Participant: 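Got a structure for you, written out below as structure tokens; questions coming shortly.
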Amino acid sequence: MKAREGATDEEQIWQVVRLIPRGRVATYGQVAALAGLPGGARKVGRTMSRLPNRTRLPWHRVVNASGRISLPIGSTGHREQKRRLEREGVAFVKGRLSLARFRWRP
DNA sequence: TTCGTGACGTGCA
DNA sequence: GTGCACGCCACGA
């Protein structure tokens, strides 16, 4: 077995997402890398999908590498994420946001 | 165990 | 810009 210094992969992911500032976004791959899981973008997505609706984690600040919301268009989650981001000042143009402008750079 | 699927990413036509 | 293939990893049928 290997030591994990107490934190599981999921906990690492939550920790990173929690650091994303208001009005900025991070990509799944970026979160994975910062959490020490290179190539674990999918794992981040899976972790997000399992979050309880009540979570206080800023999950809406995580988008895919194209600057688009990965949830199915029209789904409740998609609308919710877009609404929260716009309320933080993130502008969407044709269903897409500018990573050049809003990407979080730790 | 194999196969399909998914809140992903990158490269290329 | 759009679509597709492929790589990647975890899960469940």
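Hydrogens, waters and symmetry mates are skipped; everything else that's a heavy atom, side chains included, is used. Since we're looking at a predicted model, the values are computed, not measured. Throughout, a chain's letter reflects where its sequence line sits, starting with A, and its residues are numbered from 1.
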Participant: Closest heavy-atom contact between A:Gly40 and A:Ala32?
Facilitator: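 Nearest heavy atoms, A:Gly40 then A:Ala32: C-CB, 3.5 Å.
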Participant: Looking at A:Ile20 and A:Ala26, what are the two nearest heavy atoms and their distance?
Facilitator: CD1-CB, 3.7 Å
Participant: Determine, step by step, whether A:Glu88 and A:Arg61 satisfy the salt bridge (charged side-chain N to carboxylate O under 4.0 Å, His left out) criterion, reporting the C-alpha distance in whole Å, the side-chain angles of both residues, the deciding distance to 0.1 Å, and the verdict.
Facilitator: CA-CA 10 Å; A:Glu88 295 186 353; A:Arg61 295 178 189 148; 2.7 Å; yes
Participant: What parts of residues 83-106 of chain A reach DNA chain B, counting only heavy atoms under 4.0 Å away?
Facilitator: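 Here the set is empty: none.
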Participant: With sequence neighbours excluded, what pairs up with A:Arg84 under the salt bridge (Lys or Arg N to Asp or Glu O under 4.0 Å) test?
Facilitator: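 So A:Arg84 forms a salt bridge (Lys or Arg N to Asp or Glu O under 4.0 Å) with A:Glu80.
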Participant: Which residue is it: A:Val25, A:Leu19, A:Thr27? I am looking for the one with a side chain to side chain contact (heavy atoms under 4.5 Å, CB included) to A:Trp104.
Facilitator: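 Result for side chain to side chain contact (heavy atoms under 4.5 Å, CB included) with A:Trp104: A:Leu19.
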Participant: Could you run down nucleotides 1-13 of chain B 5' to 3' and tag each one B, S or - for protein heavy-atom contact under 4.0 Å?
Facilitator: -----BBBSS---
Participant: To check you understand the geometry: which heavy-atom pair defines the closest contact between A:Phe92 and A:Glu86, and what is its length?
Facilitator: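 Here A:Phe92 and A:Glu86 meet closest at CD1-CG, 3.8 Å.
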Participant: Start at the 5' end of DNA chain C and walk down; is the nucleotide closest to A:Pro38 or to A:Arg68 reached first?
Facilitator: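 Looking at DNA chain C, the more 5' nearest nucleotide goes with A:Arg68.
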Participant: Measure across A:Leu57 and A:Arg18 and return the closest heavy-atom pair with its distance rounded to 0.1 Å.
Facilitator: CD1-NE, 3.9 Å
Participant: Near A:Arg54 CZ, under 6.0 Å, is it more than 12 heavy atoms from other residues, nucleotides or ligands?
Facilitator: no
